[in-house]
J.: 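Below is one structure. I have some questions about it.
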Amino acid sequence: SSENKLVMDSYTTTDRYEGDSCMMDIYRTYSMFDVRGREYTCVDVMTVKDTIAPIFSRYLKDTLLTCKDTIFDPATVFAIDNCEGEVKVTFTETNKRGSDPNEADYFSYDIERLYEAVDRCGNNTSMRQALMIRDTTPPVITVANNWRDTSLPKSLKGCLYAVPDYTEEVLMMVEDDCSEPTSIRISQNPPAGTLIEISTNVWIYVKDASGNMDSVAKYLRVQMRHE
């Protein structure tokens, strides 16, 4: 009816806020009057909540290093947030290096770096960076050329010679980027004391704590009487 006719010019809205920027309820009231001055209202409730985590200013890549490389300092990073308020960034580091220089995990290990950012509303994000230290370089045996070939005294047919032990001698000729000399493992084939009657290659093998290997052969020439 004409009595209930609304007056369009009387339309208004008012807002009431409860909460803060982390979680806020907005009560929006719509109001109009009819021609007789009676008010009609409707309330709309809207909830605004910060659920978005901050983001880092930069993202760090995993890095592969050798045992001789310098472990670089942690990066300086900060985080930004879509809402007002301070973002707190924390850093923790876990070094998984072993304690025994005779074991592989002393030279091949990981350092894990964890960056965490939290905004004032508790939304958080994290970033991990791994420094992977790896010993992949084998030890090096350096010998003089004339060391590789040795002639044993002339023998009568059927005479036997015991293979000498060359391990201590070769160990003095080994260099390794990472492992200490005491952690170098050395073996010989055929072993010292093996009896031979013909010329033979004696192989000496060296292995560092990470399992990297090098080898060298020494030729034992057995001279027969007719040589």
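In this text the structure is predicted, and so the values were computed from the model without any measurement.
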J.: Going by the angle between their ring planes, with limits at 30° and 60°, are F56 and Y59 parallel, tilted or perpendicular?
T.: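 Aromatic pair F56/Y59 classed perpendicular.
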
J.: Compute whether any side-chain donor of one residue and acceptor of the other, for T167 and D165, lie under 3.5 angstrom apart.
T.: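 The answer is yes; a qualifying pair exists.
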
J.: Would you mind reporting whether I55 and T125 have side-chain heavy atoms less than 4.5 Å apart?
T.: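 No - every pair of side-chain heavy atoms lies 4.5 Å or more apart.
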
J.: May I ask you to test the V202-P190 pair for a side-chain heavy-atom distance under 4.5 Å?
T.: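 With C-beta onward as the side chain, the pair touches.
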
J.: Centre of Y106's six-membered ring, under 6.0 Å away, within 45 degrees of the axis: is that where NZ or CZ of R97 sits?
T.: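 Judged by the rule, R97 and Y106 form a cation-pi pair.
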
J.: Would you say that I133 contacts I71 through its side chain, given a criterion of any heavy-atom pair below 4.5 Å between the two side chains?
T.: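 Contact flag for I133/I71 side chains = yes.
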
J.: Hey, can you tell me if Y115 and F91 have their rings parallel, tilted or perpendicular (30° and 60° cut-offs)?
T.: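 The rings of Y115 and F91 sit tilted, inter-plane angle from 30° to 60°.
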
J.: When you check the side-chain N and O atoms of D25 and T47, is any donor under 3.5 Å from an acceptor?
T.: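 Yes.
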
J.: Under 3.5 Å, is there a donor-acceptor pair between the Y40 and D34 side chains?
T.: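 Present: a donor and an acceptor within the cut-off.
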
J.: Given C83 and C121, is the disulfide bond (SG atoms under 2.5 Å apart) satisfied, shown in steps?
T.: CA-CA 9 Å; C83 296; C121 300; over 6 Å; no

J.: Same cluster for I186 and M213 if Ile/Leu/Val/Met/Phe/Trp/Tyr side chains link at under 4.5 Å?
T.: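 No; tracing contacts between hydrophobic side chains, which count when under 4.5 Å, never links both residues.
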
J.: Does a side-chain heavy-atom distance below 4.5 Å link E86 with R120?
T.: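 No, too far: nothing below the 4.5 Å cut-off.
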
J.: Is the shortest side-chain heavy-atom distance between V170 and I141 below 4.5 Å?
T.: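 Yes, side chains in contact.
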
J.: For the CG atom of D208 and the CD atom of E180, what is their distance to the nearest 0.5 Å?
T.: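 It is 12.0 Å, given to the nearest 0.5 Å.
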
J.: Please tell me whether S21 and E84 have a donor and an acceptor in their side chains that are separated by less than 3.5 angstrom.
T.: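 No, because no side-chain N or O of S21 sits under 3.5 Å from a partner of the opposite role on E84.
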
